[in-house]
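Order of the sequence lines sets the chain letters (A, B, ...), proteins ahead of strands, with each chain counted from 1.
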Amino acid sequence: MSQAHTSAPSASGGGPAATPDTVRPVRFFHRGEIVSLDDVSPTRTVLNWLREDAHCTGTKEGCNEGDCGACTVMVGELHGEHIAWQTVNACIQFVPVLDGKALMTVEDLAKTDPQQPAAAAVLHPVQQAMVDCHGSQCGFCTPGFVMSMTACYERHQALGTQPTRQELADELSGNLCRCTGYRPILDAGQRMFELPVQRIDEAPIAAALRSLRNEPPLRRPDFRAPRTLADFAALRAAKPEARLLAGCTDIGLWVNKQFRDLGEILYIGEVAELKAIGEVDGMLEIGAGASLEDAWSALSRHWPAVREMHLRFASPPIRHAGTMGGNIANGSPIGDSAPVLIALGASIVLRHGEAVREMPLEDFYVDYMKNRLEPGEFVQALRVPLPRASQVLRAYKLSKRYDSDISGLACGLWLQLDGEIVRDARFAFGGMAAIVKRAKGAEAALRGHAWNEATLQAAMAALDSDYTPLSDLRASDNYRRRAARNLLQRLFLETRPASPLSTKQISVWSDIV
Amino acid sequence: MNAPQDTLPVVGTARPHESAHLHVAGAAPYVDDIAEVQGTLHAALGLSPVAHGRLLGIDLDTLRAQPGVVAVFSAADIPGANECGPIVHDDPILADGVLHYLGQPVFAVIATDRLAARRAAALAKQVIRHEALPPVLTALDGHAKQQYVVPPMHLKRGDASAALAASEQRVSGSFSLGGQEQFYLEGQISYAIPQEDGGLLVHCSTQHPTEMQHTVAHALKLGAHRVQVVCRRMGGGFGGKESQSALFACVAALAAAKLKRPVKLRPDRDDDMLITGRRHGFEFQWEVGHDAEGRITGVEIDLVANAGFSADLSPPVMTRALCHFDNAYWLPAVAAHGYCARTNTQSNTAFRGFGGPQGALAIEMILDDVARGLGKDPLDVRRANFYGTSECNVTPYGQVVRDNIIEPLVARLEESCDYRARRTQIAAFNATSPVLKRGLALTPVKFGISFNVAHFNQAGALVHVYTDGTILANHGGTEMGQGLNTKVAMVVAHELGVRLDRVRVTATDTHKVANTSATAASTGSDLNGKAAQDAAKQIKHRLAGFAAGKHGGAVEDVRFGNDRVLVNGLSVPFDELVQQAYFARVQLWSDGFYATPGLHWDREKLQGNPFFYFAYGAACSEVVIDTLSGEWKLTRADVLHDVGQSLNPAIDIGQVEGAFIQGMGWLTTEELWWHPQSGKLMTHAPSTYKIPTANDCPADFRVALYDTQNPADTIHRSKAVGEPPLLLPFSVFLAIRDAVSAVGDHKVNPPLRAPSTPEAILDAVDAVRAATAEA
């Protein structure tokens, strides 16, 4: 692998002016310099590049699927004059995705003197707090924890705030430790704010990233990253066979675990217009390229009841990289976005070249992993009706583990109440069929009826004919059926007109959400 | 760095892990971080696509034609023994003739890079020709077919049948207990580098370098002196790198020897989990007799373990399960029958506790049932059955319990955690809470320390004092995160009266300390600490002799402390004395050795004195469950644990807490699921196998050490800490069961299986509801 370093970021390079049609190296900031890679494979993972090519072995591989966090690194992007740092799982991110960004790993934190042994390095407050609190035992997960904690540290230092212990635990939900039991790591997460402040020196990084802005959109053999929606749409229409890549959180596994050849890749992550989230005509519009974190944050703001789903959806590094558009387009029968969005009556905006069409999200799914996307078409946005009075929404997720676990079943349950009468209902369940699907029978059993024990029983009974779930490693068909009925009962207990129960009376998670 | 580095005394103080500053900087190298030697090749394993079958052949040509592939090896290429089983020789390195489980390594592909090797190995399904045979996938199926990896074992005292017949009350029951994946964060890895004259250096992530040396030597028909196995540190072991690292060491060594090139084998996480075994799942069925106070008068129990396809360490695991069925209780008449069922799944192996947790949880379930049947608080029933101190203090295997502290320890915890008041509060809460139910349980631990096989209880060490006064220590134990090297360094520094930062501990290396035992059975610091102390003592005696000779005074009056040596009224800096001793030609390095005294064990009769001493502990857990979904949460845990006189309280607390959360994972979220038809383990990665996260650590977690000296002459009167606290979270499981039981007003024994996933909890809730409705 050839690799050139330029020690000072040059304005736009001294070579021949690159045009959008020219193949150019992948360029990103790492360890004080701009790295320029001109023959890196489009599916080379950031982790393998770090460990095997850059010989930075501080970042570890634990699972190679983004579920353990040992490979957590920080990626910085220029937002105005500042750098926004986010954690991602290096094992499932492809190197070209780093183009124009800064990569920071555990090796970049301590201030080392090359004349001194490692023991003499001045540790970063996050690292020192981990030592002080006995936060490492075997040490293999530690670099990943340190990076998640550093991202948290930087964010809070910038705001002048400190996380609660609960917020820290949520921040670390994507980092597995098998030795400590976590208590000392959470202690360290609080202790790090008590040590002398040390911030990332952003100026040189920002200067480098600004210089990289002058590069044309990345074009590599088998990898294109257009920057405008129009260019993206045109390219997509011209290359219907190309593989769309958004957050790498699923496709990364196709490469790492299944050795699938992706062919030509069309990367959506550089299209700023697709990352936008905004309110238009009483709808919340979520661009297909918006991160899961941003999308769930926006949903949680409007619908506080989905906050638990937000926090339990994968882990922070996955939510930073992954997109809600990708989650929806992927169409997993157990993906947690779809049940909530369908219950909310969301629609999906599809685009082919200049042509845009919109359909109810529930109509988008046809069968197991099959949807209504036409060749050359892509998901442009999701539109969610904003909350109105007398509407009730609940989002429930059942999994073996609270955090970062794929649901055995998940549901979005939406009611339009008129006094004691259910005017309308939309119940969508994941994990109960080959696709995320509405419980039409249960809804019908309620529509126009009083919201009482009798109608609840009718709706619960109707669920049996709405779904024929399967048994698998996450849950048996029998559990799925019973639990789905019971979740309707939970909805009733929480929203019944007479003496509804509070979250505290109904959820074991009420203290932590 | 941390201030305590320079403070004295050393032993008994909280010191950071010796590698902590390296861990946090990504500067602590693991095997995969070692700079690769030029010409390094990479291996990947081709795995059996079926759970059981006859191996008819492998299409090697197809594999050899894959891009980057340099060589392909199968069983036929192994010059020596195709065998890596630690006890019974039924564990092939590469499948030969029979395919025993889905995931069994059948061939090894060696390629120029790891991805090329993995891609080629992934063709296993296409290139392995086989004839499928019907698999046996569960322990109970194997038991029904009387298919065992070793003959059944029986631990008996008195006449259990007669005692049962004579009992006031009799209860029978059963319990299904799942296994557990070690989930060491660093996967299995071996890196073999050819050396001169047919020798091999193997960097291996292993808890048992000597056994790796032996299996590699046997497989390659080499003398042990030609094979060097080195392990600086592991990214976790938990028992999973005791015997299970052998296959990877052997394949890497085989390829390196054949190709005369360095070869690294690092299986992907999914392959690691499909290939290697884990904690044994058990099925229990019992009948117990008791009196009106809940005192057990007789008990008979079958323990059926899923051994997997081969013996591996299943026989001693079952022995330990049988020897821990008593936990902290006097069982006057007992018949415990252990069956290691052979199945077509991964061969189960060591995992922190080594069968002890499984055996002990069975008696806790029994006492829970007995208490509920009598309408008594389970803690009262437990207490009624505690071992005595002068009578009722002989274990079913004939060892006298001489160090019993369970009663005062439990009493202290009961008080500090406010057990009785909370019991009342919880009952009040449950009476008015329609959906959520709370549960509470306080459970004790007694855990035997030593290997059940007497000859494993030995260790060696080397201590070098250099002329500048710095000290290098080496011993036969391995560092897997438990802080063994830290403790050994502390023991050496303490013995020589020097600052801790004078002492470094280096990689475990079969070329340095020979014939080591596995770092297992919690014995690491007991054995290696004593051996290192022995070495340090010898150096100290020589230095004392030299100092007295030079400065006068009696040898026995020379004192080492505060980084100085006090001799005949003179205080000489340690490094100065060392320098002088070197010039006087005094040997400044020494070996050290230790063998645990007083152990004996009759493997046939399951009788003897297998343990040097017992470690004790207790925990109280409170949970809340959702009776609609089966979700649950641990809201508070109180732990009081006995580590004797702690060598390093920070490390010991870390072990106790880590074990608590790990054991909780085993009993709650960590479910192993084999496909009922294909026999494929479907939970073979962290996406599907769920170990606890930071949010599973209870917000209210109160952990304390029970401050007491070990009456046995252990290293500074400390006690082993690795395994015993893994039994503390029994309290979590039994608190969940208590909460489920509240649904039926504590009249019905909930049929709760482990792990108690939300599904298992809802099943139990529904069963209790149904039984209550019937009654």
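Looking only at heavy-atom pairs under 4.5 Å with chain B, the residue among A/Asn64, A/Leu176, A/Thr105 that has the most is A/Leu176. Options A/Leu186, A/Leu501, A/Thr57, A/Leu473 differ in how many heavy-atom pairs under 4.5 Å they form with chain B, and the most are formed by A/Leu473. Of the listed residues (A/Gly58, A/Gly69, A/Ser476), the greatest number of heavy-atom pairs within a distance under 4.5 Å of chain B belongs to A/Ser476.
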Would you please test B/Glu671 and A/Lys400 for side chain to side chain contact (heavy atoms under 4.5 Å, CB included) and show each step?
CA-CA 8 Å; B/Glu671 186 171 38; A/Lys400 292 180 196 173; 2.9 Å; yes
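Heavy atoms closer than 4.5 Å to chain A are found in both the backbone and the side chain of B/Asp32. In this structure, chain A has no heavy atom under 4.5 Å from any part of B/Pro29. There is no contact between A/Arg485 and chain B, counting heavy-atom distances below 4.5 Å. Proximity to chain A involves both the backbone and the side chain of B/Asp763, based on heavy atoms less than 4.5 angstrom apart. Both the backbone and the side chain of B/Leu628 come within less than 4.5 Å of a heavy atom of chain A. A/Asn175 does not touch chain B: none of its heavy atoms, backbone or side chain, sits under 4.5 Å away. Looking at B/Arg118, both its backbone and its side chain come within 4.5 Å of chain A, counting heavy atoms on both sides. If you measure heavy-atom distances from B/Leu672 to chain A, you find no contacts under 4.5 Å at all. Proximity to chain A involves both the backbone and the side chain of B/Ala685, based on heavy atoms less than 4.5 angstrom apart. Looking at B/Met234, the atoms closer than 4.5 Å to chain A (heavy atoms on both sides) all sit in the backbone: N, CA, C or O. The contact between B/Phe183 and chain A is made by backbone and side chain atoms together, counting heavy-atom distances below 4.5 Å.
Using modelled atom types, one side-chain atom of A/Arg178 and one backbone atom of B/Gln182 make a donor-acceptor pair closer than 3.5 Å. No donor-acceptor pair closer than 3.5 Å links the side chain of B/Glu759 to the backbone N or O of A/Ala475. Panel note: side chain A/Arg401, backbone B/Ile691; a donor-acceptor pair is recorded below 3.5 Å. Side chain of A/Tyr402 to backbone of B/Asp696: no donor-acceptor contact under 3.5 angstrom is found. No donor-acceptor pair closer than 3.5 Å links the side chain of A/Tyr182 to the backbone N or O of B/Ile661. The main-chain N or O of B/Pro698 is never found under 3.5 Å from a side-chain atom of A/Arg183 such that the two would form a donor-acceptor pair. Using a distance-only test at 3.5 Å, with no hydrogens or angles considered, a donor-acceptor pair links the side chain of B/Lys690 to the main chain of A/Ser404. A donor-acceptor pair under 3.5 Å is formed between the side chain of A/Glu65 and the backbone N or O of B/Ser687. At distances below 3.5 Å, at least one donor-acceptor pair connects side-chain atoms of B/Arg269 with backbone N or O atoms of A/Gly62.
Pairing each heavy atom of A/Ala70 with each of B/Leu185, the nearest pair is CB-CD1, 4.4 Å. Minimum heavy-atom separation, A/Asp403 to B/Thr693: OD2-OG1, 2.9 Å. Closest non-hydrogen pair, B/Tyr30 versus A/Cys138, comes out as OH-O, 2.6 Å. Among all heavy-atom pairs drawn from B/Val24 and A/Met130, the shortest one is CG1-CB, 3.6 Å. Of all heavy-atom pairs spanning B/Pro686 and A/Cys63, the tightest one is CG-CB, 3.4 Å. The heavy-atom pair separating B/Ala694 from A/Leu172 by the smallest distance is CB-CB, 4.4 Å.
Under the side chain to side chain contact (heavy atoms under 4.5 Å, CB included) test applied with A/Tyr479, the options B/Asp766, B/Leu762, B/Thr757 reduce to a single match, B/Leu762.
The residues A/Arg312 and B/Glu631 are annotated as salt-bridged, a charged nitrogen and a carboxylate oxygen being separated by less than 4.0 angstrom. Under a 4.0 Å N-O distance rule, the pair B/Asp626/A/Arg490 qualifies as a salt bridge.
B/His23 and A/Ser136 form a side-chain donor-acceptor contact under 3.5 Å, judged by distance and modelled atom types alone.
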